[in-house]
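Order of the sequence lines sets the chain letters (A, B, ...), proteins ahead of strands, with each chain counted from 1.
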Number of protein chains: 4
Amino acid sequence: MTADPETPLRADARRNRDQILAAARVIFAAQGAEVPMEEIARAAGVGVGTLYRRFPDRDALIRAVAVDNFDRVLRDAKAAKDQESSDWDALIRLLHQSMELQLSIQLAMVSPRALAILKSDPAIKALRDDLLVVLEGFVRGAQAEGRLRTDVGTGDVAMLFATLLRQMPGKGHEVARMATRRCIGIMIDGLRADRNGSLPGRALTGADLDPDRPPRP
Amino acid sequence: MTADPETPLRADARRNRDQILAAARVIFAAQGAEVPMEEIARAAGVGVGTLYRRFPDRDALIRAVAVDNFDRVLRDAKAAKDQESSDWDALIRLLHQSMELQLSIQLAMVSPRALAILKSDPAIKALRDDLLVVLEGFVRGAQAEGRLRTDVGTGDVAMLFATLLRQMPGKGHEVARMATRRCIGIMIDGLRADRNGSLPGRALTGADLDPDRPPRP
Amino acid sequence: MTADPETPLRADARRNRDQILAAARVIFAAQGAEVPMEEIARAAGVGVGTLYRRFPDRDALIRAVAVDNFDRVLRDAKAAKDQESSDWDALIRLLHQSMELQLSIQLAMVSPRALAILKSDPAIKALRDDLLVVLEGFVRGAQAEGRLRTDVGTGDVAMLFATLLRQMPGKGHEVARMATRRCIGIMIDGLRADRNGSLPGRALTGADLDPDRPPRP
Amino acid sequence: MTADPETPLRADARRNRDQILAAARVIFAAQGAEVPMEEIARAAGVGVGTLYRRFPDRDALIRAVAVDNFDRVLRDAKAAKDQESSDWDALIRLLHQSMELQLSIQLAMVSPRALAILKSDPAIKALRDDLLVVLEGFVRGAQAEGRLRTDVGTGDVAMLFATLLRQMPGKGHEVARMATRRCIGIMIDGLRADRNGSLPGRALTGADLDPDRPPRP
DNA sequence: GATGAATGAGATTTCATTCAT
DNA sequence: CATGAATGAAATCTCATTCAT
């Protein structure tokens, strides 16, 4: 057995894996997570067999795409933290940029099929938690800066974030892109500190979003 | 044959049709539009044969669900207009209420499959246009009232509307419901008139959302 | 849900089920348990879909064939008991007849795949146990009659039985049939009471054959 | 190219070949002849590529395993002839010992696939014929010695032989081993000379077992 | 030579739709 | 009319074999 899951792939295998992931990303974004595996293989320029060698079944592929994606968002979040001068700015940038980055794949996440898969994956949960920690920092910081209303929690922001990542499917790219930017703009305006106190319910925390934890009203 | 396609259905046939529609609505919302027809039939308590007698194929069912749904929203919109004292209030109410009403089925509309179907259906297009007309009235009116920022158009509002209708799938109902209400709240705050002028691009019109018209930057 | 697994099948469905079972029986006997499902369906004169509606997967089909088969042997055993005047005669008849009956399907049981499946099926285990009980009666009785050597147990006889049911595959039918009958004859001669005491080990019991019980030396 | 197909293999190549053969032997015995080539390669501790370099396809591997196996039996038979004092004793020893030797691989031969392959292989046919010649000597000799009933032929004995080589799959090793020894014992008892005349049909000859010759009743 | 990656034909299984009961 | 069985096209997945590293 060559067992060790960390064994680095051979150069060509690596290349194929990456191509498959990239193709899946694009196709999932465009057509949802139910496309025939064959189509993904074709788009990646490999045979189905290769696809199945790398990802034993569709679920594995969905998971891999999701991990890859969360990873990117997390990297963006960290970059925003490092490069922006305030937490509010970092938060705004992240809201804008992640859309940029993905504009897409999360769409796939809308698929109930995909959802079910992802909820049970520890790697994804870990990434998600990491992301929530960073986000928490932004929210606390921006509130301290007096720029973010204090009646929202990390959960609220994550929700906006998530909502936006599901993008208007169909429609020409230009309009879609503009629409998204404007939606974000409106949301950001809604988040500004002077709105304090007008929201129903209580601030949602990161924990509220954990699919495992039972809901606490 | 009694020719007229409008011949009202016999009572039991009517009942079946309604049950199927109701079941499809729930299942599409929960699991997307790709569920096996058999499952829908089972949930409706009828045989597949019956389902197919009422709706010649899956597309017809999707269309019917969509029409039914648009119809409800439109009725809500009209009720809001009649019962609220200002356009702004009607708009707010609609944003809240439609979520209430559907919280759901639009989710299904995320499916690229469904999208394609709906784009080509004249009945749906008609309903959509009716809805946009009403919405247009709200937007213009609320802007005239000085309550809605003037740099948004009907298209922007429709987009927010649409975005919200895709709701956080999974998660306990309570949190989901609260999250949705808070997102709407944040958006509404972002829509208030004092935010004028901070949005990128131009105000989107209802026409911008027409899937057929070529995009105009 | 029409749930009740005992709901009798509709006439046509029943007919199809039987045809499938009969076809599988013949084909498994002739070619082993790995033949394409399509081939079985074709032989049964139905589409693959029908086959899969009746038997959700290959394992289920193998199980059903095995149950059907054990059932026949058990019926034969009971008939032998009723119609023969001594236990020895009943035993001899069963050894001969079961070959007659099956000459075949047990062959399939040689497949390790099939084996694994069958070991875990309670219905099959129950039939097997029933059969062992009847056999036990024969063995005890024939020993009491002074016709069966006393140093063999039910397990030994079952083994002979099982061994013979795996018949010479290939070879023209005539030779195969004759060979089997002669093998049985030789075995029967080896079982006669005057051979007492020349066997190694201890008499095997029915329990020794239970795939679940740990072996006792 | 060093042309001569008999060119002895390099030491490491030889070792690989042997490992593959040994692994195939074990796996075929345990799981039949349909296991994935990859699994055999893994068990042999080599890559599939290596396996395919040594044996151009699955058939070649099956053939090689069969040849190897027949070879062992033939060697055993000759040893028995040399070392035992009578033909009856040699025959008995061979019946016992071959089980010892193989206990197994013949099991694989039950596969119709394997059967078809072997029937057409001249090397195997040659070995088989050699074996039948030796066996014929035993049978004639033991009959002359008055120890083997005269109503059996070489074919009958070969059949018993073959039947026994298909061993009770599943079940703990101990019971399997004991069961086999006891079955052989019973058969041997059935073969003893004093049973003369009770068998149906006619004595089967070695020729009756030739898969090519048309059957003669 | 050895390795394990890639390929693609074929097997398994699902499900939309039709049709006999 | 309602039902659920049958069909077969299409999807998923496996594995024998070839070939680049």
Side-chain angles (χ1 to χ4, degrees), chain A residues 2 7 9-17 20 34-42 44-61, chain B residues 9-10 12-13 16 34-42 45-61, chain C residues 2 7 9-17 20 34-42 44-61, chain D residues 9-10 12-13 16 34-42 45-61:
Chain A
T2 21
T7 304
L9 290 171
R10 240 167 56 179
D12 55 346
R14 173 94 235 151
R15 185 164 47 258
N16 276 338
R17 202 194 118 97
I20 292 168
E34 323 273 67
V35 274
M37 295 296 261
E38 185 113 22
E39 184 167 339
I40 296 169
R42 200 171 335 111
V46 303
V48 243
T50 303
L51 198 169
Y52 274 93
R53 169 182 275 268
R54 271 329 134 210
F55 307 96
D57 56 19
R58 179 189 294 282
D59 287 8
L61 178 58
Chain B
L9 293 170
R10 251 171 47 183
D12 55 345
N16 277 340
E34 322 276 65
V35 276
M37 295 296 261
E38 185 115 22
E39 186 169 337
I40 296 169
R42 199 172 336 114
V46 304
V48 248
T50 305
L51 197 169
Y52 272 91
R53 167 172 287 272
R54 281 315 143 217
F55 305 95
D57 58 17
R58 178 190 294 279
D59 288 7
L61 178 58
Chain C
T2 23
T7 304
L9 289 172
R10 242 167 55 181
D12 55 345
R14 171 96 235 150
R15 186 164 45 259
N16 276 337
R17 202 194 119 97
I20 291 168
E34 324 274 66
V35 274
M37 295 296 261
E38 185 113 23
E39 185 169 338
I40 296 170
R42 199 172 336 111
V46 304
V48 244
T50 303
L51 198 170
Y52 273 92
R53 169 179 275 268
R54 273 327 135 210
F55 306 96
D57 57 16
R58 178 188 294 280
D59 287 7
L61 178 59
Chain D
L9 293 170
R10 251 172 45 184
D12 55 344
N16 277 340
E34 321 276 67
V35 276
M37 295 297 260
E38 184 116 20
E39 186 168 339
I40 296 169
R42 200 175 333 116
V46 304
V48 247
T50 304
L51 196 168
Y52 273 90
R53 166 172 287 270
R54 282 312 144 219
F55 305 95
D57 57 18
R58 178 190 294 280
D59 288 7
L61 178 59

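For D/Arg58, counting side-chain heavy atoms from C-beta on, the closest listed nucleotide (F/dA16, E/dA2, F/dA6) is F/dA16. Residue B/Asp57 has its side chain nearest to E/dT17 when only E/dA2, E/dT17, E/dA6 are considered. The side chain of A/Val46 lies closest to E/dT7 when the candidates are F/dA6, E/dT7, F/dA2. Minimum atom distance to the side chain of A/Asn16 is reached by E/dA5, of the listed E/dG1, F/dA2, E/dA5. Which of E/dA6, E/dC15, F/dA2 sits closest to the side chain of B/Pro36 comes down to E/dC15. For C/Arg53, the listed nucleotide lying nearest its side chain is F/dA6; candidates were F/dA6, F/dA2, E/dG1. For D/Thr50, the listed nucleotide lying nearest its side chain is E/dT3; candidates were F/dC1, E/dT3, F/dT17. In this structure, the nucleotide among F/dC13, E/dT13, E/dG4 sitting nearest to the side chain of A/Tyr52 is F/dC13.
The CG atom of A/Leu51 sits 9.5 Å away from atom CD of A/Glu38, with the distance rounded to the nearest 0.5 Å.
Taking the nucleotide of DNA chain E with the nearest heavy atom to each of A/Gly47 and B/Gly49, the more 5' of the two is matched to A/Gly47. Where A/Asp59 and A/Arg15 each meet DNA chain F at their nearest nucleotide, the meeting point lying more 5' is that of A/Asp59. Along DNA chain F, the nucleotide nearest to B/Gly45 and the one nearest to A/Pro56 differ in position, and the one closer to the 5' end is contacted by B/Gly45.
For D/Glu38 and F/dA16, the CD to P distance is 9 Å, given to the nearest whole Å. In this structure, C/Ile20 atom CD1 and F/dA6 atom C1' are separated by 10 Å, rounded to whole Å. For the pair A/Arg54 CZ and F/dT14 P, the computed distance is 15 Å after rounding to whole Å. Remark: P of E/dG4 and CE of D/Met37 are 16 Å apart, rounded to the nearest angstrom. Nucleotide F/dC15 holds its C1' atom 15 Å from the CG atom of D/Leu61, rounded to whole Å. Regarding D/Ile40, its CD1 atom lies at a distance of 12 Å from the P atom of F/dC15, rounded to whole Å.
The base-pairing partner of F/dA20, taking Watson-Crick or G-U wobble contacts with both distances under 3.5 Å, is E/dT3.
The minimum heavy-atom distance between D/Met37 and D/Arg58, with the atom names listed, is CE-CA, 3.6 Å. Contact between B/Tyr52 and B/Asp57 at its shortest, heavy atoms only, is CE2-CA, 4.0 Å.
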